[in-house]
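A note on names: the letters A, B, ... follow the listed sequences, proteins ahead of strands, and every chain is numbered from 1. Just so you know, these numbers use all the heavy atoms, side chains as well, and skip hydrogens, waters and symmetry mates. These numbers come from a predicted model, not from an experiment.
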Protein chains: 2
Amino acid sequence: MPGARNFDDLKGDLTRSYPGLSPQLQNIATFALEHPQDMALDTVARLAKGIGVQPSAMVRFAQALGYEGFSGLQRVFRTRLVERSNNHPGLRNYRERIEAFRAGHERPGPRGVLSQFVADGITSLEQLLEHVAPADLAAAVKLLAGAKTIYVLGHRRSFPVAYYLSYALTQLELRAPLLDSVGGMLREPARLIGPKDALLVVSFRNYTPEVVEIAKDCHARKVPVIAITDNALSPLARASRICFQIEEKTSMPFRMLVAPMCLAQALVVAVGEQLG
Amino acid sequence: MPGARNFDDLKGDLTRSYPGLSPQLQNIATFALEHPQDMALDTVARLAKGIGVQPSAMVRFAQALGYEGFSGLQRVFRTRLVERSNNHPGLRNYRERIEAFRAGHERPGPRGVLSQFVADGITSLEQLLEHVAPADLAAAVKLLAGAKTIYVLGHRRSFPVAYYLSYALTQLELRAPLLDSVGGMLREPARLIGPKDALLVVSFRNYTPEVVEIAKDCHARKVPVIAITDNALSPLARASRICFQIEEKTSMPFRMLVAPMCLAQALVVAVGEQLG
DNA sequence: GGGGGATTGCAACATTTGTTCTATGTATGT
DNA sequence: ACATACATAGAACAAATGTTGCAATCCCCC
């Protein structure tokens, strides 16, 4: 078996033969895919030290892929590097392209849709960073870190965000149950939420009525409510102690979840730092 | 005089000192500027032979530019190569901005965490656009639009993405049930998936075993499987007909969901366009 | 529990690498 | 025409590289 001559084929070979490799060689494989530049330029010794393996393991890895030695494998990474640096479209070219799909003039089809989403997603994230007040963020983190139980609520398109929050906060060994309506029970547990707890609620328009009502109810009962919603006119803005407003200024006919998801992950990590 | 550290400075040094160089060194200089890639990767001996000089001349050339030896000079060409390959379309535009984020808000605390997430999220999205093959995307859309039933599968941190896919595809009036394990039933419905259906599976490391096994099973039974996973070594890469690999090149110790979520939304919209 | 195969660590090996040294050649200026 | 300074070529050297062989270890199957 001769070794692959280009990087894509190499990736294919790797996925195919990965399961049959020894644990050590698997380690090397993951490293190779995650640090292709190092693989291209570093020496065997340095790479081996970086991975925590003997240089011989590198050679065996290359041989397992059909190359005569490590050099043959490295050649693939090197050619990839020079090719990537060669087909460098001019900067002018790229600027036009980004403007094009920013403006929505990119040719249609699935690829166009993806470019559009990526562009809007980036805009979304930039706006997120701009609009979130550091004070709010700090307050929310403190609140969450100190709450007895964090109840997480979000339905329909907001549910993925809510689920993630519950999942990840639980990983931090916090009590963070998800308020869902499995079996039709939703309002009942909500009544048990107290001022020492916290309600983390996610909703965008049009705001699911049940969700809004639970938030209002809790807020009225002095439960600290943290909301993730779209703008200042949201009913959640009036029914929360801290409200993250993620404005939507995209070309899409419906809400993107990129920014809310990002905020959710950042929140969780910040809470984790606060605790540990 | 210390040698220049980056390629542009090196070019400046060269133009300045070129007239005072010996004819042979001038030859080397022109070659170096005309074949920067060879200068980055080849050895002294091969380069010297290519130019028609002795290896020692290469060393003297480097020393004439202020480097200790040829290796120091070559380092400049190498870093140029990796930088050019990093500034690939997409990354270029926002790199400065990301650096700004990092520089401006690196200090710890919730705000720092958020800016870090935003920066990594943007990088993520750009890599998404770069790595997704348009052909794969088109094929996936066609497959999904034509499937009798689309089964959606994803657990733990991948569940939000899976849920969203199921939710949004259902909004398009497609049959897109979520394969969950409520009540412990997961394997049974999976057996009913046939070649006219499709399985849309999301999983990242470490890949939930149940999920992987269902995907493998379906793939073996000729069910079209579309996977969203992290890299070429994922078991899903081997158990799918179409595989979207969302590489993870962030500073975070765990997976970000920004890019997968974005891909999911783009997929849904593209399917919608295909239908309508 | 023990035997056999695969896997890994270690060290020695031959080769190649970058560098340096010296001798030869070459141009320049007096 | 000669001396001097410089440029070049070639060989020699030490360091580092990629590679291989062997022994120790782990793990699985009988």
Side-chain angles (χ1 to χ4, degrees), chain A residues 1-5 10 14 16-32 35-79 81, chain B residues 1-5 10 14 17-32 35-79 81 233:
Chain A
M1 171 176 102
R5 296 263 163 262
L10 172 61
L14 263 181
R16 197 170 326 109
S17 57
Y18 181 80
L21 294 176
S22 84
Q24 192 179 52
L25 296 192
Q26 289 186 350
N27 269 0
I28 299 177
T30 62
F31 179 91
H35 305 272
Q37 303 160 7
D38 296 331
M39 289 292 290
L41 296 180
D42 277 358
T43 72
V44 185
R46 204 192 313 273
L47 287 171
K49 184 177 291 181
I51 308 178
V53 205
Q54 290 291 330
S56 48
M58 291 287 165
V59 178
R60 284 194 277 260
F61 174 67
Q63 288 169 340
L65 285 156
Y67 301 94
E68 192 168 332
F70 179 77
S71 310
L73 172 66
Q74 193 174 48
R75 183 172 307 124
V76 176
F77 285 88
R78 292 195 164 185
T79 61
L81 205 59
Chain B
M1 172 177 100
R5 293 264 160 260
L10 171 61
L14 260 182
S17 56
Y18 182 84
L21 263 44
S22 83
Q24 192 179 48
L25 296 194
Q26 290 186 351
N27 269 358
I28 299 178
T30 62
F31 179 90
H35 305 272
Q37 303 158 8
D38 296 330
M39 289 292 290
L41 296 180
D42 278 357
T43 72
V44 184
R46 203 190 314 271
L47 288 170
K49 183 177 292 181
I51 308 178
V53 279
Q54 288 291 327
S56 46
M58 303 299 283
V59 177
R60 284 199 308 266
F61 174 68
Q63 288 168 341
L65 286 157
Y67 301 93
E68 192 168 333
F70 178 77
S71 310
L73 172 66
Q74 192 175 48
R75 183 173 306 125
V76 176
F77 285 88
R78 292 195 165 185
T79 61
L81 206 57
L233 302 181

For A:G72 and B:L21, find the nucleotide of DNA chain D closest to each by heavy atoms; which residue's nucleotide sits nearer the 5' end?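 Nearest nucleotide further toward 5': that of B:L21.
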Rounding to a whole Å, what distance do you find between [X]:[atom1] and [N]:[atom2]?
X	N	atom1	atom2	result
B:I51	D:dA7	CD1	P	18 Å
A:R60	D:dG21	CZ	C1'	10 Å
B:K49	C:dG18	NZ	P	13 Å
A:L73	D:dT17	CG	P	17 Å
A:Q54	C:dA12	CD	C1'	13 Å
B:R75	C:dG18	CZ	P	13 Å
A:F61	C:dT8	CZ	C1'	16 Å
B:F70	D:dA16	CZ	P	18 Å

A:V44 near the nucleic acid: base, sugar-phosphate alone, or nothing, with a heavy-atom cut-off under 4.0 Å?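 Here A:V44 touches the backbone only, sparing every base.
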Looking at every strand, decide which applies to B:Q24 at a 4.0 Å heavy-atom threshold: base, sugar-phosphate, or nothing.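 B:Q24: backbone/sugar contact only, no base atoms under 4.0 Å.
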At under 4.0 Å, does any side-chain N or O of A:Q63 touch on OP1 or OP2 of D:dT20?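 It does, given that an N or O in the side chain of A:Q63 lies less than 4.0 Å from OP1 or OP2 of D:dT20.
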Please determine whether a side-chain nitrogen or oxygen atom of B:S71 lies at a distance below 4.0 Å from atom OP1 or OP2 of C:dT17.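 Indeed not, no polar side-chain atom of B:S71 lies that close.
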Checking B:L47 against B:V53 for the side-chain contact (heavy atoms from CB on, under 4.5 Å) test, could you report, in this order, the C-alpha distance in whole Å, the side-chain angles of both residues, the deciding distance, and whether it holds? CA-CA 9 Å; B:L47 288 170; B:V53 279; over 6 Å; no
Which heavy atom of [X] sits nearest to which heavy atom of [Y], and what is that distance?
X	Y	answer
B:F77	B:A32	CE2-O, 3.7 Å
A:L25	A:A64	CD1-CB, 4.3 Å
A:A62	A:G69	CB-O, 3.4 Å

Among C:dT20, C:dT17, D:dA7, the nucleotide that comes nearest once only the side chain of B:T43 is considered: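 My answer, after comparing the listed nucleotides, is C:dT17.
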Got a sec, which residues hit salt bridge (Lys or Arg N to Asp or Glu O under 4.0 Å) with B:D42, two or more places apart in sequence or on another chain?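 Result, salt bridge (Lys or Arg N to Asp or Glu O under 4.0 Å) vs B:D42: B:R46.
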Using only heavy-atom distances, decide whether a donor-acceptor pair under 3.5 angstrom links the side-chain of A:S56 to the base of C:dC10.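 Present.
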